[in-house]
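Heavy atoms only: backbone and side chains are in, while hydrogens, waters and symmetry mates are out. Note that the coordinates shown come from a computational prediction; the quantities given were computed from them, not determined experimentally.
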Amino acid sequence: QVQLVESGGGLVQAGGSLRLSCAASGSIFSIDAMGWYRQAPGKQRERVATITSGGSTTYADSVKGRFTISRDNAKNTQYLQMNSLKPEDTAVYYCNAIIGFGGSQRFSYWGQGTQVTVSS
């Protein structure tokens, strides 16, 4: 059984920083892409940033230059460094990982979500 456990959310003032972590555990053979998504009240979940196993990254336009995604493959962990936070970044942040178990299939897993609140 695979679990993704997130940490690092909280309340911060506008202009501040937070760092989110997401650790995957279980009988994991490989992790392909990893990513962060967020969902604000009344809005659909949106992609924030993704990173491949080789380290290639993508970012939503709204966070480019402010957020940085990274991963530690040895620890099956990904991170999201969030700087210059804005009130519109307030949302529940979810981590995602595409995981393989030794065969050809890949499965998508989600973390439980962590609240990020940015006050003005």
Q: Heavy atoms only: give me the nearest Arg66-Ser84 pair and the separation to one decimal.
A: NH1-O, 3.0 Å
Q: Can you label the angle between the Tyr37 ring and the Trp110 ring as parallel, tilted or perpendicular, going by 30° and 60°?
A: perpendicular
Q. Linking I/L/V/M/F/W/Y whenever their side-chain heavy atoms sit closer than 4.5 Å, directly or via other members, would Tyr79 and Ile69 fall into one cluster?
A. no
Q: Drop me the distance from Gln78's CD to Ser70's OG, to the nearest 0.5 angstrom.
A: 8.5 Å
Q.
Please tell me whether Val118 and Leu20 are part of a single hydrophobic cluster in this structure, the criterion being side-chain heavy atoms less than 4.5 Å apart.
A. yes
Q. Between Lys86 and Asp89, does at least one N-O distance fall below 4.0 Å, as a salt bridge requires?
A. no
Q. Of all heavy-atom pairs between Gln39 and Lys43, which one has the smallest distance, and what is that distance?
A. NE2-O, 3.1 Å
Q. Atom OG1 of Thr52 and atom CZ of Arg71: how far apart are they, to the nearest 0.5 Å?
A. 7.0 Å
Q | Over all atoms of both residues, closest heavy-atom pair of Cys95 and Trp36 | A | CB-CZ3, 3.7 Å
Q: Mind listing the closest non-hydrogen atom pair of Gln112 and Leu4 along with its distance?
A: OE1-O, 3.4 Å
Q. Just how far is it from atom OG of Ser53 to atom CG of Asn73, taken to the nearest 0.5 Å?
A. 7.0 Å
**Q.** Heavy-atom closest contact (Ala24 atom, Ile28 atom, distance)
**A.** CB-CD1, 3.7 Å
(Q) Under 3.5 Å, is there a donor on one side chain and an acceptor on the other for Thr90 and Thr117? (A) no
Q.
Please check: side-chain N/O of Glu6 versus main-chain N/O of Thr114, any donor-acceptor pairing under 3.5 Å?
A. yes
Q | Verify same cluster id: Leu85, Val92 (apolar side-chain graph, 4.5 Å) | A | no
Q | For Asn96, side chain to side chain donor-acceptor pair (under 3.5 Å) partners two or more places apart | A | Ser108
Q) What pairs meet the salt bridge (charged side-chain N to carboxylate O under 4.0 Å, His left out) rule with one or both residues in residues 13-27, with sequence neighbours excluded? A) none
Q: Spell out, yes or no, whether Val116 and Leu80 are grouped together once hydrophobic residues are joined by side-chain heavy atoms under 4.5 Å, including indirect joins.
A: yes
Q: Go through the steps for Ile98 and Ile31 under the test side-chain contact (heavy atoms from CB on, under 4.5 Å), then give the verdict.
A: CA-CA 6 Å; Ile98 308 301; Ile31 301 180; 6.0 Å; no
**Q.** Heavy-atom closest pair, residues Ala40 and Ala91
**A.** N-CB, 3.8 Å
Q) Quick check: are there more than 12 heavy atoms from other residues, nucleotides or ligands sitting under 6.0 Å from CD of Gln3? A) no
Q: Check for a donor-acceptor pair, side chain of Arg106 on one end and backbone N or O of Gly100 on the other, with a separation under 3.5 Å.
A: no
Q: Establish, from distance only, whether the side-chain atoms of Tyr93 and Arg38 form a donor-acceptor pair under 3.5 Å.
A: yes
Q.
When you compare the side chains of Asp72 and Thr77, does any donor N or O come within less than 3.5 Å of an acceptor on the partner?
A. no
Q.
Would a single hydrophobic cluster contain both Ile51 and Val63, if residues Ile, Leu, Val, Met, Phe, Trp and Tyr are joined by side-chain heavy-atom contacts under 4.5 Å?
A. yes
Q.
Could you measure the distance from the CE atom of Met34 to the SG atom of Cys22? Nearest 0.5 Å is fine.
A. 5.5 Å
Q.
Test: ring pair (Phe, Tyr, Trp, His ring centres under 6.0 Å). Region: residues 43-74. Which pairs qualify, not counting sequence neighbours?
A. none
